[in-house]
Amino acid sequence: MKNVFFATALISCIMLSANAQESRVYETRTVTSKILKADRHYAIYLPPGYEESDMSYPVLYLLHGSGDDHTGWVQFGQVQHIADKAIADGIAGPMIIVMPDANTQVKGYFNQPDGSFSYEDFFFTELIPHIEKTYRVRSDRRYRAVSGLSMGGGGTIFYTLHHPELFAAAAPLSATTSANWLLRNQNATDEQKETFGKIYGFEHILNNATKEELDRIKRVRWYVSVGDDDFLYKDNSMLHILFREKEIPHEYRVKDGAHTWTYWRMELPLVMEFVSKSFTQF
């Protein structure tokens, strides 16, 4: 009987120890935004061992697509399972993954042309500081990366082009690279649309960038991926061609797949591997 008791106690200790090293996903956390005059939600993945250590971790901002919100990568993207496996297999190092909501009030990661809703300002001046204050995040540029799918892939591109000094790596997946689609449902004047296109059109940004600005963009490690059956294949090809013309180093991958979660789930561990190489100064 005594042996049974000790065996049970040992198993319980082992299970508690294993559980203590599990990752955590908090699907809905909130930050109050003065810029947007509202509370904004985000989901967050904390890697195994986060709760038991005092270590600080690099961070990946992972952006969802149109029609989803901050829960998209959690529910459909299976971020916890995929991230846990990538870390356990040694493909990627432990990192914090932040998934913000860009589907409340106004859809998208950009500032509205009329100044009525400034999501990009919120992202850089409120969300990132909130994450770095609330969680043990390494705040240096070399420990910060951004990725996203579709609309979030577009957000990944223009956030990095606007602020290359803030990111070590960028990995747009199946990206909406043109600003035109963002304008079709906007009640904006032609002048506002032109201004908006200059801010969020990658062609305009790169063709008008100074040498110093291009040098900063070239210091970012770029991973661009799209499926061969994706309706956004042409836009991503155009981005690749312009990157080549501007001599911006990048990895460009066209693989079997379409504009689906099957493709993005396949790409997530590769994105984590790619950004991890940036974090570890390979």
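Numbers for residues simply follow the sequence, beginning at 1. Just so you know, these numbers use all the heavy atoms, side chains as well, and skip hydrogens, waters and symmetry mates.
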Can Asp39 and Val31 be said to form a side-chain contact (heavy atoms from CB on, under 4.5 Å), step by step?
CA-CA 6 Å; Asp39 288 343; Val31 53; over 6 Å; no
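- Heavy atoms only, all atoms of each residue included: Leu63 and Gly155 are closest at CD1-C, 4.0 Å.
- Checking His130 against Glu132 by side-chain atom types alone, no donor-acceptor pair falls below 3.5 Å.
- Side-chain N/O atoms of Thr30 and His41 include a donor and acceptor closer than 3.5 Å.
- Ile241 and Trp222 fall into different hydrophobic clusters, where Ile, Leu, Val, Met, Phe, Trp and Tyr are joined by side-chain heavy atoms under 4.5 Å apart, directly or via other members.
- Using a 4.5 Å heavy-atom threshold, the side chains of Ser23 and Pro47 count as separate.
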Chi angles and distances behind the side-chain contact (heavy atoms from CB on, under 4.5 Å) call for Val275, Ser147
CA-CA 9 Å; Val275 302; Ser147 180; 5.9 Å; no
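- Atom NZ of Lys234 is surrounded by 12 or fewer heavy atoms from other residues, nucleotides or ligands within 6.0 Å.
- The aromatic rings of Tyr42 and Tyr135 lie perpendicular to each other, with more than 60° between the two planes, well past the 30° mark.
- In plain terms, the two heavy atoms of Phe274 and Ala170 that are nearest each other are CE2-O, 4.4 Å.
- One finds a salt bridge joining Glu267 and Lys255 here, because a Lys/Arg side-chain nitrogen approaches an Asp/Glu carboxylate oxygen to under 4.0 Å.
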Please output the side-chain donor-acceptor pairs of residues 88-102 that fall under 3.5 Å, not counting sequence neighbours, one pair per line with the distance.
unit_1, atom_1, unit_2, atom_2, d
Asp89, OD2, Lys85, NZ, 2.6
Asp101, OD1, Asn103, N, 2.9
Asp101, OD2, Thr104, OG1, 2.4

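- Counting heavy atoms from C-beta on, the side chains of Tyr143 and Val59 never come closer than 4.5 Å.
- Side-chain atoms of His64 and His70 form no donor-acceptor pair, as typed in the model, at a separation below 3.5 Å.
- A cation-pi arrangement is present between Arg136 and Tyr50 under the rule of less than 6.0 angstrom and at most 45 degrees off the ring axis.
- Ring geometry, Phe158 versus Phe110: the interplanar angle exceeds 60°, so the pair is classed perpendicular (tilted spans 30 to 60°).
- Closest approach of Ile82 and Gly77 over heavy atoms only: CD1-O, 3.2 Å.
- Hydrophobic clustering, with ILVMFWY side chains joined whenever heavy atoms are under 4.5 angstrom apart, groups Met55 together with Ile44.
- You'll find the ring centres of Phe124 and His162 outside the 6.0 Å limit.
- Taking OG of Ser56 as the start and CZ of Arg138 as the end, the distance is 5.5 Å to the nearest 0.5 Å.
- Remark: the Glu27 side chain and the Gln75 side chain contain an N/O donor-acceptor pair separated by less than 3.5 Å.
- Residues Leu46 and Glu51 share a closest heavy-atom pair of CD1-OE2, 3.9 Å.
- Contact between Gly227 and Tyr233 at its shortest, heavy atoms only, is O-CD1, 4.0 Å.
- No side-chain donor-acceptor contact under 3.5 Å links Gln78 to the backbone of Arg265.
- In this structure, Lys211 pairs ionically with Asp215, as a charged nitrogen and a carboxylate oxygen lie closer than 4.0 Å.
- Looking at His163 and Glu120, their side chains come closer than 4.5 Å, going by heavy atoms from C-beta outward.
- Of all heavy-atom pairs spanning Ala175 and Asn236, the tightest one is O-ND2, 3.0 Å.
- Looking only at side-chain heavy atoms (C-beta outward), Tyr223 and Pro172 stay at 4.5 Å or farther from each other.
- Asp230 places no side-chain N or O within donor-acceptor distance of the main-chain N or O of Ser174, the cut-off being under 3.5 Å.
- Between the side chains of Arg221 and Ser278, at least one donor N or O lies within less than 3.5 Å of an accepting N or O.
- The structure places CZ of Phe202 at 9.0 Å from CG of Leu161, a figure rounded to the nearest 0.5 Å.
- A donor-acceptor pair is defined here as one N or O able to donate and one able to accept, closer than 3.5 Å; such a pair exists between the side chain of Asp228 and the backbone of Gly257.
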Report the C-alpha distance between Lys107 and Ser66 in whole Å, list the side-chain angles of each, state the deciding distance to 0.1 Å, and finish with yes or no for side-chain contact (heavy atoms from CB on, under 4.5 Å).
CA-CA 7 Å; Lys107 183 185 296 184; Ser66 178; 3.2 Å; yes
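- At distances below 3.5 Å, not a single donor-acceptor pair connects side-chain atoms of Asp140 with backbone N or O atoms of Arg142.
- Note that CG of Leu206 is 5.0 Å distant from CG of Leu242, once rounded to the nearest 0.5 Å.
- Residues Trp73 and Val25 are not in side-chain contact: their nearest non-hydrogen atoms beyond the backbone lie 4.5 Å or more apart.
- Remark: Arg144 is not positioned above the aromatic ring of Tyr61, lacking an NZ or CZ atom under 6.0 angstrom from the ring centre and at most 45 degrees off the axis.
- Distance check: Ile205 CD1 to Thr160 OG1 gives 10.5 Å after rounding to the nearest 0.5 Å.
- By the 4.5 Å heavy-atom criterion applied to side chains, Lys218 and Lys246 are not counted as neighbours.
- Donor-acceptor pairing under 3.5 Å is recorded for the side chains of Asp84 and Tyr45.
- The distance from the CG atom of Leu149 to the OG atom of Ser225 is 11.0 Å, given to the nearest 0.5 Å.
- Note on ring orientation: taking the six-membered ring where Trp is involved, the planes of His259 and Trp264 are perpendicular (angle over 60°, cut-offs 30° and 60°).
- Clustering ILVMFWY residues whenever any of their side-chain heavy atoms sit less than 4.5 angstrom apart, transitively, puts Leu232 in a cluster other than the one holding Phe243.
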Take Phe123 and Tyr109 through the ring pair (Phe, Tyr, Trp, His ring centres under 6.0 Å) test and state the conclusion after the steps.
CA-CA 8 Å; Phe123 184 91; Tyr109 297 95; 7.5 Å; no
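- Screening Glu251, Arg253, His250 against His240 for a side-chain hydrogen bond (donor to acceptor under 3.5 Å, both in side chains) leaves a single residue, His250.
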Can you check side-chain contact (heavy atoms from CB on, under 4.5 Å) on Leu239 and Val224, steps first, answer last?
CA-CA 9 Å; Leu239 177 68; Val224 181; 4.2 Å; yes
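- Remark: His81 NE2 to Leu268 CG distance equals 10.5 Å, nearest 0.5 Å.
- Thr156 contributes a side-chain N or O that, together with a main-chain N or O of Gly148, makes up a donor-acceptor pair within less than 3.5 Å.
- Counting only heavy atoms from C-beta outward, the side chains of Trp261 and Tyr263 never approach each other to under 4.5 Å.
- The main-chain N or O of Glu213 is found under 3.5 Å from a side-chain atom of Thr210 such that the two form a donor-acceptor pair.
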